[in-house]
2 protein chains.
Amino acid sequence: MTVTRSTNGGRRTARRIRHEDLVRLRMTLGRLGRVLRQQTDDGLSYALISLMFAIHRMQPASAGDLATSEGVSPPSVTRSLNRLVELGLVAREADPLDRRNAVISLTPAGEQERQRILRSREVWLSDHLARLTDEQLHALLGVLPVLELLCDPELP
Amino acid sequence: MTVTRSTNGGRRTARRIRHEDLVRLRMTLGRLGRVLRQQTDDGLSYALISLMFAIHRMQPASAGDLATSEGVSPPSVTRSLNRLVELGLVAREADPLDRRNAVISLTPAGEQERQRILRSREVWLSDHLARLTDEQLHALLGVLPVLELLCDPELP
DNA sequence: AGGATTACTTTACATGGTTATATATTGGGT
DNA sequence: ACCCAATATATAACCATGTAAAGTAATCCT
């Protein structure tokens, strides 16, 4: 499998990645994701937490913006918002300028919850990071921006 | 939050990871995982593919072994196996020595499918890896073993 | 022999993703 | 001014895949 990219200078470089590495990457990231998505952090699921962070970043956000930012379909966002509104963590009102738009924001309780999550121990992850050597941990944090880039919804 | 590990020499080192990094790591890996799990690779879901690889590694495997190896509950494995057996990719028979055990193996069609997956382009992942510079790609592949370690079901 | 244990399956449920369809609002053309 | 198309969200129905709890069959132990 050949991956091509444009370099700084505008040249294009062909790179070869072994299929085996691709499969390992897919399987490993897939599994890690599953495990992390199942950690409920005492109450809120991954999907809801992720949405709350997105709301915080984009506040005040429309539902469609959130769907784009989260990389999921609008109905999925609608359902999650329903839940967050029920829980009193999120406020949803109609945009007075264009009443088709929903204006979404965190309630004070939602902001408080967001900060609680930020401070939380992230038990599973912490425990498992403890298996790593300092070098491994350093390397992992070093590629964090790369991982973020990999699933950035802004890019093509 | 403090993470502790034992070093080569048996010493213990306390390391501090910023909460923010923990949260970023969790959110990013969670999202990547979701995306990758949704790539169906023309027919088979992530869960089924992952299970087939596990079967291949452990062949002949019992259902319980597979559940442990996949880090999922036995009912989940049972259901996935039902599907794979339906598809003719996996054979399930009773262990003649202990008829409570299921003996699971890939059929020839299953092995063929496994190899097809190994050769497949992994479209989404390939395309997105193309965004990375050579250095980023190298770094990512470099931490692959670390990521694998992080979710290794063998370890505590 | 018979009860406890083991291994797997069945059942029932929750979450969160999808597509297709419905509803309400806005804006534009004549 | 009115109607139609487009837009933003919501609803409905479906699917996959995780769980926990209860059921079944086989084995083991005394």
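Proteins get letters first, then strands, A, B, ... in listed order; numbering begins at 1 in each. Computation of the quantities below employed the complete heavy-atom set of this structure, encompassing side-chain atoms and omitting hydrogens, waters and symmetry-equivalent molecules.
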Let me know the distance between [atom1] of [X] and [atom2] of [N], rounded to the nearest Å.
X	N	atom1	atom2	answer
A:L81	C:dT15	CG	C1'	16 Å
B:L44	D:dT17	CG	C1'	15 Å
A:L48	C:dT15	CG	P	9 Å
A:L97	C:dG27	CG	C1'	14 Å
A:Q38	D:dA16	CD	C1'	13 Å
A:Q39	D:dG18	CD	P	14 Å
A:R31	D:dG18	CZ	C1'	14 Å
A:E93	D:dA8	CD	P	18 Å

Please determine if a side-chain N or O atom of [X] lies less than 4.0 Å away from the OP1 or OP2 oxygen of [N].
X	N	value
B:S73	D:dT19	yes
B:N101	D:dA26	no
A:N82	D:dA10	no
B:R34	C:dG17	yes
B:R37	D:dA16	no
A:T78	D:dT11	no
A:R92	D:dA10	yes

Just to be sure I understand the rule, does [X] reach a base, reach only the sugar-phosphate, or reach nothing, if contact means heavy atoms closer than 4.0 Å?
X	value
A:P74	nothing
B:S76	base
A:S80	nothing

Heavy atoms of other groups near [X] [atom1], more than 12 under 6.0 Å:
X	atom1	result
A:R116	CZ	yes
A:Q112	CD	no
B:R99	CZ	no

So does [X] reach the base of [N] with its side chain, donor to acceptor, closer than 3.5 Å?
X	N	value
A:R79	C:dG17	yes
A:R83	C:dG16	no
A:R100	D:dT9	no
A:R99	C:dT25	no

Handout entry: Side-chain ion pair, B:D127 and B:R121, N-O less than 4.0 Å
Key =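 B:R121 and B:D127: salt-bridged.
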Problem - Side-chain ion pair, A:R31 and B:E148, N-O less than 4.0 Å - result: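 Salt bridge absent between A:R31 and B:E148.
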Practice task
With DNA chain D as reference, determine whether B:P96 or A:A102 sits nearer its 5' end, using the nearest nucleotide of each.
Solution key: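 Upstream on the strand: A:A102.
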Practice task
Sort out for me which residue in A:E111, A:M52, A:R114 forms a side-chain contact (heavy atoms from CB on, under 4.5 Å) with A:L89.
Solution key: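 For A:L89, the side-chain contact (heavy atoms from CB on, under 4.5 Å) check succeeds only for A:M52.
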Practice task
Select from B:V77 and A:D95 the residue whose nearest nucleotide in DNA chain C is closer to the 5' end of that strand.
Solution key: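 By nearest-heavy-atom nucleotide position, the 5'-most residue is B:V77.
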Handout entry: Closest-nucleotide ordering on DNA chain C, the 5'-leading residue of B:P75 and A:G71
Key =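 The residue closer to the strand's 5' end, by nearest nucleotide, is B:P75.
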Practice task
When you get a sec, tell me which of C:dG16, C:dT19, D:dT17 is the closest nucleotide to the side chain of B:S45?
Solution key: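 Of all the options, the side chain of B:S45 is nearest to D:dT17.
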